[in-house]
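First listed ligand is number 1; within each ligand, the first listed atom is number 1. If you read the sequence from its start, that first residue is 1, and numbering goes on from there. Worth saying up front: this structure is predicted, and the values here are computed from it rather than measured.
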Amino acid sequence: MLWTVHKRAMDLRGFRISMYEKQQKLCKEFKDPNWYKAKNKVGQVGFIPANYVKKREGVKAGTKLSLMPWFHGKITREQAERLLYPPETGLFLVRESTNYPGDYTLCVSCEGKVEHYRIIYKDSKLTIDEEAYFDNLMQLVEHYTNDADGLCTRLMKPKLMEGTVAAQDEFSRSGWTLKMKDLTLLQTIGRGEFGDVMLGDYRGSKVAVKCIKNDATAQAFVAEALVMTQLRHKNLVQLLGVIVEDKSSLFIVTEFMAKGSLVDYLRSRGRSVLGGECLLKFSLDVSEGMEYLEANNFVHRDLAARNVLVSEDNIAKVSDFGLTKEASATQDTGKLPVKWTAPEALREKLFSTKSDVWSFGILLWEIYSFGRVPYPRIALKDVVPRVERGYKMDAPDGCPAIVYELMKQCWHLDPNQRPSFRKLREQLEHIKAKELYQ
Ligand code: ADP
Ligand code: MG
């Protein structure tokens with residue numbers, strides 16, 4: 001069976017098309033490099049011409065992507081006017097207001113002159129004319145792009161902040177955009193820091209959709225999607241694509257993890273349902289996902305059972321790449337989960353794969369205690385000082401000694417003494433093979 005209709009083949013993009021990373025393997029099975037094996041949404045397998053398939057790329061690391069590339073932050077009126085020179089009607093930017101802190105200013109070039117419109121922030125809404133109100137700047141810009149609605153001109157061309165690329169353009173260039181018309185949002189399934197998570201139907205498959213909340217979190221949201229374009233592993237929640245609608249919103253679409261977060265899963269089933277083999281399997285799953293991040297130089301920074309999700313077929317996958325960065329990036333320590341974060345990361349912002357290993361030790365403790373909150377009976381403010389003095393949690397009830405040994409290795413105060421994820425995965429595999437998990 002051959003797929004011969006161009007559009008049909010393109011429609012398969014991103015969904016179960018198996019060529020991207022399996023090219024090597026397939027070439028062995030099917031010698032002709034001009035045809036690719038593909039599966040459509042009802043599971044039929046066929047071959048499609050290679051030139052009908054667009055290869056997805058990871059969005060280039062280091063690219064400064066912005067959902068609001070026309071936003072220039074705190075610049076003065078004069079600087080804005082210089083940026084909008086030479087005059088071009090419809091050229092615009094947004095800056096933070098210097099006269100009214102908290103408000104913004106929309107600057108538009110119009111017939112040789114720059115107009116400055118004050119954007120008032122009122123009751124969590126933005127407005128210029130106190131008639132039309134918007135949730136965020138992207139929506140406001142979208143509105144005045146479609147219609148001048150009282151401004152001297154409609155917005156026609158964004159003046160881009162130097163060094164930034166419009167995230168929307170970059171995602172479509174790299175082949176990661178999906179179409180809103182193919183997606184039906186069904187119900188809210190979670191609340192995230194950067195936005196709500198909804199269950200959706202994308203062409204007959206269940207998907208999870210993270211929806212952006214507001215301007216303040218837009219950048220973090222893009223960063224998360226950006227990281228996810230570069231990751232592919234069976235134990236990491238897979239990005240399916242992003243949806244950019246009208247330039248004013250962004251949705252991150254990922255595989256749906258039917259059994260929810262690992263911590264809820266452990267708590268709701270408990271000791272009577274989940275045996276030692278199952279706990280070890282979750283531990284091994286997470287270690288494999290983390291070994292992949294380690295090998296690719298990504299540091300997660302927020303590894304915890306709440307950020308591991310469980311699929312319909314009980315596979316644990318690491319998710320929530322909101323704080324994930326390539327190794328070496330620095331991070332503000334304000335919002336860190338103290339009980340999961342390595343001491344050197346809390347103290348000196350030293351994040352590394354080895355600080356993820358510390359968090360993995362805490363995660364193991366969570367798994368073997370069926371989702372208890374770490375450091376029970378110790379006040380939050382006392383956790384860090386005690387840990388710094390070498391305090392380590394006891395083994396959870398019924399935890400095999402050999403697994404508790406691994407936890408303690410992860411909690412070495414000297415990061416260099418902690419095992420790598422590769423080593424941890426090997427040891428967990430050994431425990432599994434020898435059935436030492438009882
Ligand atoms: P945050 O970045 O704020 O922590 P998360 O990505 O962890 O947000 O998502 C919040 C919650 O939404 C999760 O704890 C989980 O319950 C739910 N959720 C997130 N992604 C998925 C998914 N792919 N499948 C099912 N539920 C999900
Ligand atoms: Mg989370």
Hey, is Asp264 touching ligand 1 through its side chain, its backbone, both or neither, going by heavy atoms under 4.0 Å?
neither

Should the pair Phe71 and Tyr104 be assigned to parallel (<30°), tilted (30 to 60°) or perpendicular (>60°) ring geometry?
perpendicular

Can you confirm, on distance only, whether ligand 1 has an N/O atom lying under 3.5 Å from any N/O atom belonging to Met257?
yes

Against Lys210, only a single residue in Thr254, Val197, Val242 fulfils side chain to side chain contact (heavy atoms under 4.5 Å, CB included); can you say which?
Val197

Look at the aromatic rings of Tyr265 and Phe282 and report parallel, tilted or perpendicular, splitting at 30° and 60°.
perpendicular

Under 2.8 Å from the Mg ion (ligand 2), is there any N, O or S atom belonging to Ser261?
no

In terms of the angle between their ring planes, are Tyr375 and Tyr391 parallel, tilted or perpendicular, with boundaries placed at 30° and 60°?
tilted

Only heavy atoms of Ile189, strictly under 4.0 Å: list the atoms of ligand 1 that pass.
25 (C), 26 (N)

Counting both backbone and side chain atoms, is some N or O of Lys210 under 3.5 Å from an N or O of ligand 1?
yes

Could you tell me whether Glu294 and Arg418 have a side-chain N and a carboxylate O separated by less than 4.0 Å?
no

For atom 5 (P) of ligand 1, which of Leu240, Ile252, Asp320 has the closest heavy atom?
Asp320

Shortest heavy-atom approach to atom 9 (O) of ligand 1 - which of Val310, Val308, Val197
Val197

Less than 4.0 angstrom from a charged side-chain N to a carboxylate O is my criterion; do Arg306 and Glu366 meet it?
no

Under 2.8 Å from the Mg ion (ligand 2), is there any N, O or S atom belonging to Asp320?
yes

Indicate, with yes or no, if the rings of Phe92 and Tyr144 have centres closer together than 6.0 Å.
no

Classify the contact between Leu309 and ligand 1 as side chain, backbone, both or neither, using a heavy-atom distance cut-off of under 4.0 Å.
side chain

What about Ser261: any of its N or O atoms under 3.5 Å from an N or O on ligand 1?
no

Looking at Glu312 and Lys206, is any side-chain nitrogen of the basic one under 4.0 Å from a carboxylate oxygen of the acidic one?
no

Counting from 1, what ligand 1 atoms have a heavy atom of Asn307 closer than 4.0 Å?
4 (O), 7 (O)

So if I count the atoms of ligand 1 from 1 in the order they appear, which ones are less than 4.0 Å from some heavy atom of Thr254?
23 (N)

Classify the ring geometry between Phe421 and Phe360 as parallel (under 30°), tilted (30 to 60°) or perpendicular (over 60°).
perpendicular

Where's the contact between Arg191 and ligand 1, heavy-atom distance under 4.0 Å: side chain, backbone, both or neither?
backbone

Check: Asn314/Lys259 side-chain N/O donor and acceptor closer than 3.5 Å:
yes

Note: ligand 1 atoms sitting under 4.0 Å from heavy atoms of Glu255 are 22 (C), 23 (N)

Number the atoms of ligand 1 from 1 as they appear, then name those within less than 4.0 Å of a heavy atom of Phe256, with their elements.
24 (N), 25 (C)

